[in-house]
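Below is one structure, written out as structure tokens; comments come after it.
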Amino acid sequence: MNAIATNPTTVTGGRTRLVIGNWKMHGNLADNAALLAALRPATLTARIAVCVPFPYLAQAAEALKGSAVTWGAQDVSVHAQGAYTGEVSAPMLKDFGCAWVLVGHSERRSMHAESDQLVADKAKAALAAGVTPVVCVGESLAERDAGQAVAVIQRQLAPVLALGAQAVCQMVIAYEPVWAIGTGRTASPEQAQEVHAAIRAALDGIGAGGIQILYGGSVKGANAASLFSMPDIDGALVGGASLVADEFLRIAA
Ligand code: PEP
């Protein structure tokens, strides 16, 4: 991982505020170059990172080298190597200097039928290679309306927590209600805090309550501060707004 040159603010519990951009399947060499260059000189209160599509990892590594901005990927195989056509392993991510990898993003859970156990296995594979997994969890609108939000998150987290405190203490959790991703409809700070507190309690239950819990779902410069004012919201996982340098930097300012 490259050196951290900023002086990030610690939030409740001494945790460092962390803002990670998820570029999803967006970008091209020219646009990425401009976006990455705009992030480099930033002096921010939060640590920032970008999770880019696999083909652009080398570009991110080169463009961000020596800066305070770290980078990562959006998925990883459970296997370290072998006959797994199309897969990308955690040691490969490590080769490209990845500090982070998203696992269990709702788009992968829904479009690629990723199970809770597979997500935990991916987190384990990332840790084994020295890459920090950002484990994404979140309920659908139907599940929220049925009063099941916390129960769904607890179910999704169960195989992750079963990896034990030593492993979980090296992870980051991102709470991303599915109904808030890319919809412009953000969870209110109180709605998000309620779930974050439940996640914290579950983590506390295994002695891993000190890790960062990020909120994701239509986070923008205009709503970040109110979300970050909540005691268990330690930063954000940002999709759409991470593609616009000024907006992303405003979130992390
Ligand atoms: C995401 O993709 O993880 C996300 C939170 O997207 P958006 O910020 O666009 O809602």
Side-chain angles (χ1 to χ4, degrees), residues 17-27 31-32 35 39 46-54 56-57 60 69-76 98-112 114 116 119 122-123 126 131-141 143-144 149 152-153 156-157 160 171-189 191-193 195-196 199 212-228 230 232-253:
R17 178 158 302 144
L18 175 63
V19 175
I20 301 180
N22 171 17
W23 287 8
K24 311 196 191 212
M25 199 176 71
H26 292 292
D31 290 352
N32 301 348
L35 179 51
L39 300 183
R47 287 179 70 186
I48 61 170
V50 287
C51 287
V52 307
F54 293 132
Y56 299 129
L57 283 175
V69 187
T70 52
W71 59 93
Q74 301 168 16
D75 186 30
V76 67
C98 286
W100 316 96
V101 63
L102 308 182
V103 295
H105 190 279
S106 66
E107 288 151 16
R108 296 216 55 90
R109 288 180 188 264
S110 64
M111 297 175 198
H112 301 272
E114 292 197 1
D116 301 334
V119 172
K122 289 186 173 194
V131 178
T132 301
V134 179
V135 180
C136 304
V137 294
E139 82 286 0
S140 67
L141 188 56
E143 289 164 338
R144 170 158 287 268
V152 167
I153 272 64
Q156 292 174 335
L157 277 180
V160 176
M171 300 181 187
V172 169
I173 306 293
Y175 168 56
E176 298 204 303
V178 178
W179 47 271
I181 296 179
T183 60
R185 184 180 161 188
T186 322
S188 70
Q191 282 174 318
Q193 168 58 26
V195 178
H196 279 235
I199 294 171
Q212 288 146 316
I213 308 173
L214 312 183
Y215 169 78
S218 299
V219 177
K220 304 184 262 310
N223 58 23
S226 58
L227 288 159
F228 294 166
M230 295 289 130
D232 290 299
I233 300 182
D234 305 323
L237 180 56
V238 184
S242 73
L243 298 169
V244 182
D246 287 352
E247 192 65 27
F248 187 53
L249 293 175
R250 217 177 128 203
I251 294 167

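Values reported hereafter were calculated over all heavy atoms of this structure, with side chains retained and with hydrogens, waters and symmetry mates removed. In each ligand, atom 1 is the first atom listed, and ligand 1 is the first ligand listed.
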Does the side chain of [X] reach to within under 4.5 Å of the side chain of [Y], using non-hydrogen atoms?
X	Y	result
Val76	Val103	yes
Ile181	Ser106	yes
Leu227	Thr186	yes

Handout entry: Contact atoms of ligand 1, heavy-atom distance to Lys24 under 4.0 Å
Key = 1 (C), 2 (O), 6 (O)
Problem - Numbered atoms of ligand 1 (with element) below 4.0 Å of Gly217, judged on heavy atoms - result: 5 (C), 10 (O)
Counting only nitrogen or oxygen atoms and a 3.5 angstrom limit, does [X] reach ligand 1?
X	result
Gly182	yes
Gly239	yes
Glu176	yes
Gly240	yes
Thr183	no

Practice task
Go through the side-chain N and O atoms of Ser140 and Trp179 and say whether any donor and acceptor fall under 3.5 Å apart.
Solution key: no
Fill in the blank from the handout: Looking only at protein heavy atoms, what sits closest to atom 1 (C) of ligand 1 is His105 NE2, 3.3 Å
Exercise for the section: May I ask you to identify, for Asn22, whether its side chain, its backbone, both or neither come under 4.0 Å of ligand 1 on a heavy-atom basis? Expected result: side chain
Practice task
For ligand 1, note which part of Ser242 has a heavy atom under 4.0 Å away: side chain, backbone, both or neither.
Solution key: neither
Exercise for the section: Compute the minimum heavy-atom distance from Ala180 to ligand 1 and say whether it is under 4.0 Å. Expected result: yes
Handout entry: Residues Glu139, Arg144: salt bridge by 4.0 Å N-O rule
Key = yes
Handout entry: Lys24/Glu107 salt bridge by N-O under 4.0 Å criterion
Key = yes
Problem - Criterion side-chain contact (heavy atoms from CB on, under 4.5 Å) against Leu237, the qualifying member of Val172, Leu102, Ile173 - result: Leu102
Exercise for the section: Go through the steps for Asp234 and Arg17 under the test salt bridge (Lys or Arg N to Asp or Glu O under 4.0 Å), then give the verdict. Expected result: CA-CA 5 Å; Asp234 305 323; Arg17 178 158 302 144; over 6 Å; no
